[in-house]
Each structure stands twice: as structure tokens, then as C-alpha cells.
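Below is one structure, written out as C-alpha cells; the observations come after it.
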Amino acid sequence: MDINWYPGHMAKASRMIREQLKLVDVVIELLDARIPLSSANPVIEEIIAGKPRIVALNKADLADPRNTELWLSFFRGKGIDAIAVNSIGGKGCKELIVQTEKAAQSKLQSLAAKGVRPRAVRAMILGIPNVGKSSLINRLRGSAVARTADKPGVTRGKQWIKISKNLEILDTPGVLWPKLEDQEAAFRLAATGAINDEVFDREEVVNKLVSILRIDYLTQFVSRYRIIINAEMTNQQVLEQIGIRRGCLRSGGLIDVENAGRILLTEFRAGLLGPITLDSFATE
Ligand SMILES: Nc1nc2c(ncn2[C@@H]2O[C@H](COP(=O)(O)OP(=O)(O)OP(=O)(O)O)[C@@H](O)[C@H]2O)c(=O)[nH]1
Ligand SMILES: [Mg+2]
């Protein structure tokens with residue numbers, strides 16, 4: 001994380017977002033598909049105070065598709081529109097545009113009934129650091145026709161990006177703080193790279209990651225590192241095997257478990273172990 005989230009920072013972030021919210025009809029809440037619960041801001045509903053919201057599960061390319069489907073149903077079951085997206089590859093982005101336009105229809109209709117001239121739907125993207133807000137904006141911008149100029153009456157410096165005839169998004173996303181007080185969520189945020197390793201004990205992050213992988217994603221895990229795992233083995237022994245496979249050796253033939261852990265973490269984050277969801281729907 002670039003900034004530490006002290007209460008003062010949180011208050012400032014939520015104040016800034018509340019200001020920006022006045023300009024928009026819809027909020028796109030961007031979550032990490034690998035951790036749809038852990039990457040959610042704890043007080044998002046309070047902050048957006050009833051604005052129509054779309055949940056976009058980003059980095060869906062890195063998440064387990066079965067879990068993603070279950071999470072989408074979970075949100076939809078709560079009456080929240082939810083879509084899986086990949087802000088790099090573009091998957092889901094068109095549908096996101098359509099759903100965002102739809103979410104604002106009733107508001108625009110009631111404005112029209114009051115005699116307000118029809119205008120494009122305005123949306124903003126909200127999410128915790130590193131979830132892909134800028135990537136999504138760039139992706140949407142890439143397919144957009146043009147960038148609209150500053151609008152008079154709108155806070156100086158704010159730009160609207162014209163995404164379609166009917167949709168504009170604010171070019172500056174709202175940065176929310178993550179669920180840091182929840183230890184389990186904090187570990188998953190660290191494992192996916194949403195929070196800096198320095199904030200968290202890497203050894204512990206690796207240990208918890210191994211615990212999840214050996215239970216929920218055993219096949220992928222053992223085949224990536226060509227190791228053997230049985231119930232009696234400790235996580236340390238699993239890491240030792242990875243260390244041997246990857247030549248992480250110290251002088252005297254000792255296995256450099258720390259380096260093995262670093263390799264595992266890097267490869268997990270890059271998606272090299274295959275699609276994996278840490279907030280498993282079944283166990284939440
Ligand atoms: N695989 C994959 N990587 C993604 C996706 N979206 C974003 N990323 C990567 O995630 C990292 C963070 O993306 P950003 O767009 O910078 O995230 P952000 O939310 O703007 O981050 P802050 O500006 O720090 O708050 C980058 O390395 C992106 O390339 C996605 O859908 N799939
Ligand atoms: Mg950004």
C-alpha cells in the first residue's frame with residue numbers, strides 16, 4: 001500500500017468520495033474476484049448511501065471460475081448487479097457498460113419527468129488500492145470514442161471519459177481502505193498483493209497460503225511444483241519440497257524455505273498456479 005490507513009486518512013478518503021458521489025448516478029464497486037469479501041471496504045454501503053451500485057469482480061482471469069459464479073449469484077441474490085471482468089483482457093467490460101447504464105435508468109427517468117434534459121449516465125469506480133481501478137478506466141477509455149472536456153460547474157480538474165453515447169465515467173477513481181482490522185482478510189489481501197508485504201509478516205502469509213492451496217487447490221498445487229502432499233505433512237515440509245524443486249539451497253545443503261515461500265507467493269500472484277479463489281464461497 002502506498003499509504004497507511006490511519007483514521008484520519010479514512011475520514012479524508014470517505015469525504016472525498018462523498019463529494020465525488022454528488023456528481024454521479026451509479027457506483028461501480030470494484031472487487032478482486034479472488035477475494036470478493038476481503039477486498040470489500042467494510043463501510044461501502046454507508047459511504048455510497050443508497051446510490052445504485054454495480055459490483056464488478058475484477059481479475060476474474062486469476063480467480064477460480066466456479067467460485068466466481070457462486071459469488072456472482074451471492075451478490076445478485078442480495079439484489080446487487082454483479083459482473084465478472086478482466087480489465088486487462090477486456091472480458092466482461094461491454095456487459096459492465098450495459099449494466100451500468102441500466103442501473104441509472106430509473107433515476108434518469110425521474111429526472112426527465114421533472115423536465116431535466118436527457119443526459120448520459122455518470123458513473124465512478126470505487127475500490128481498494130491495487131484492485132485494478134486504473135486498469136479498468138484505461139480499458140474502458142481504450143474503447144471509448146473521446147475524452148470529454150472539463151464540464152463547467154463540475155469540480156475543477158475532474159474529467160469525464162465518454163464510454164458510450166449513454167455513459168460517462170469519472171477519470172479519477174475513489175480509493176477505499178481495505179478491511180485491515182480483520183486478520184483473515186488482511187492475510188488474503190497480502191497474499192494477493194493488495195497490501196504491502198512489509199505491513200504483514202511474509203512467512204505467515206505464505207504459511208496461510210499453503211494451508212488454503214493444499215486443501216482447496218491440491219491438484220493444481222502439486223502439479224505446479226511436482227511435489228507430494230499428504231495429511232501428515234506440515235506446511236514447512238511442503239515448502240521444503242518446493243525449495244528442493246526450485247534449487248533454493250543454502251550452504252551446507254540447507255533448504256532456503258524463505259526463498260521457496262517468496263517464489264510461491266510471486267507465482268501465485270502472477271496466476272501461475274492456475275485460477276484460484278482465496279475467499280472460497282463454500283467456506284465463507
Ligand atoms: N490479471 C489481471 N491483472 C489485473 C487486472 N486488472 C488489473 N490488473 C493488474 O493489477 C495491478 C493493479 O492495477 P491498477 O489498475 O494499477 O490498480 P488500482 O486499483 O488503480 O491501484 P491504485 O491506483 O494503487 O489504487 C496492475 O499490475 C494491473 O496490471 C485484471 O483484470 N487481471
Ligand atoms: Mg490507480
Side-chain angles (χ1 to χ4, degrees), residues 1-6 9-10 12-14 16-17 20 27-36 38-42 44 47 53-65 67-69 71-72 82-97 99-100 123-144 147 157-161 163 169-180 185-186 188-200 217 220 265-279:
M1 250 190 322
D2 299 316
I3 29 173
N4 291 308
W5 293 98
Y6 295 113
H9 293 142
M10 295 181 190
K12 188 168 175 228
S14 80
M16 278 172 58
I17 289 167
Q20 293 181 323
V27 165
I28 298 170
E29 183 193 2
L30 202 58
L31 302 177
D32 186 322
R34 295 167 297 173
I35 46 170
S38 304
S39 61
N41 173 271
I44 179 80
I47 291 173
R53 149 166 78 139
I54 309 261
V55 164
L57 299 182
N58 192 39
K59 309 195 185 184
D61 53 310
L62 300 177
D64 173 359
N67 258 298
T68 300
E69 277 312 309
W71 281 117
L72 290 174
I83 297 157
V85 297
N86 171 353
S87 295
I88 306 295
K91 199 157 178 261
C93 288
K94 279 214 180 86
E95 196 191 340
L96 177 63
I97 293 169
Q99 291 299 325
T100 307
M124 75 177 291
I125 295 170
L126 286 183
I128 65 166
N130 209 43
V131 72
K133 300 176 297 299
S134 301
S135 304
L136 178 59
I137 290 176
N138 287 339
R139 179 73 210 190
L140 296 174
R141 176 190 277 139
S143 57
R147 205 165 172 196
K158 294 271 181 309
Q159 293 260 329
W160 294 92
I161 302 157
I163 302 299
I169 60 164
L170 207 52
D171 77 342
T172 40
V175 184
L176 290 164
W177 61 96
K179 262 181 199 153
L180 293 171
R188 293 173 195 191
L189 287 161
T192 53
I195 59 178
N196 237 328
D197 289 357
E198 285 98 68
V199 188
F200 221 77
Y217 296 96
Q220 276 164 253
L265 205 50
T266 305
E267 296 192 354
F268 163 71
R269 287 174 180 166
L272 297 177
L273 280 84
I276 286 168
T277 301
L278 295 182
D279 283 349

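We count ligands from 1, going down the list as the structure has it; atoms in each ligand are counted the same way.
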**Prompt:** Just heavy atoms, cut-off under 4.0 Å: does D61 contact ligand 1 by side chain, backbone, both, or neither?
**Reply:**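 Within the 4.0 Å criterion, D61 contacts ligand 1 through side-chain atoms alone.
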For [atom], which candidate among [options] holds the nearest heavy atom?
atom	options	value
atom 31 (O) of ligand 1	S87, A270, A60	S87
atom 23 (O) of ligand 1	S134, A63, C93	S134
atom 24 (O) of ligand 1	N138, I137, N130	N130

**Complete:** Protein-side N, O or S atoms sitting under 2.8 Å from the Mg ion (ligand 2) are S134 OG
Can you check whether [X] reaches [Y] side chain to side chain, under 4.5 Å on heavy atoms?
X	Y	value
Y217	L273	no
L136	C93	yes
L278	S38	no
V175	K133	yes
I163	T100	no

**Item:** L57 side, atom CG; R34 side, atom CZ - distance, nearest 0.5 Å
**Value:**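 Reported to 0.5 Å precision, the distance equals 12.0 Å.
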**Request:** With rounding to the nearest 0.5 Å, note down the distance linking CG in N41 to CG in L126.
**Result:** 8.5 Å
**Any donor-acceptor pair under 3.5 Å from W177 side chain to A13 backbone** =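 Absent.
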**Complete:** Tightest non-hydrogen contact, residues P36 and L31, listed as O-CD1, 3.4 Å
**Prompt:** Would you call the rings of W5 and H9 parallel, tilted or perpendicular, where under 30° means parallel and over 60° means perpendicular?
**Reply:**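 Rings of W5 and H9: perpendicular, over 60°.
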**Item:** Geometric N/O contact G132 with ligand 1, under 3.5 angstrom
**Value:**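 In this structure, G132 places an N or O atom under 3.5 Å from an N or O of ligand 1.
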**Message:** Are any of the N/O atoms on V175, whether in the backbone or the side chain, positioned under 3.5 angstrom from an N/O atom of ligand 1?
**Reply:** no
**Sub-4.0 Å atoms of ligand 1 with respect to non-hydrogen atoms of N86** =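 Selected atoms, number and element: 30 (C), 31 (O), 32 (N).
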**Message:** Can you name the atoms of ligand 1, numbered from 1 with element, that are less than 4.0 Å from a heavy atom of S135?
**Reply:**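 Those of ligand 1 that fall under 4.0 Å from S135 are 6 (N), 7 (C), 13 (O), 14 (P), 15 (O), 28 (C).
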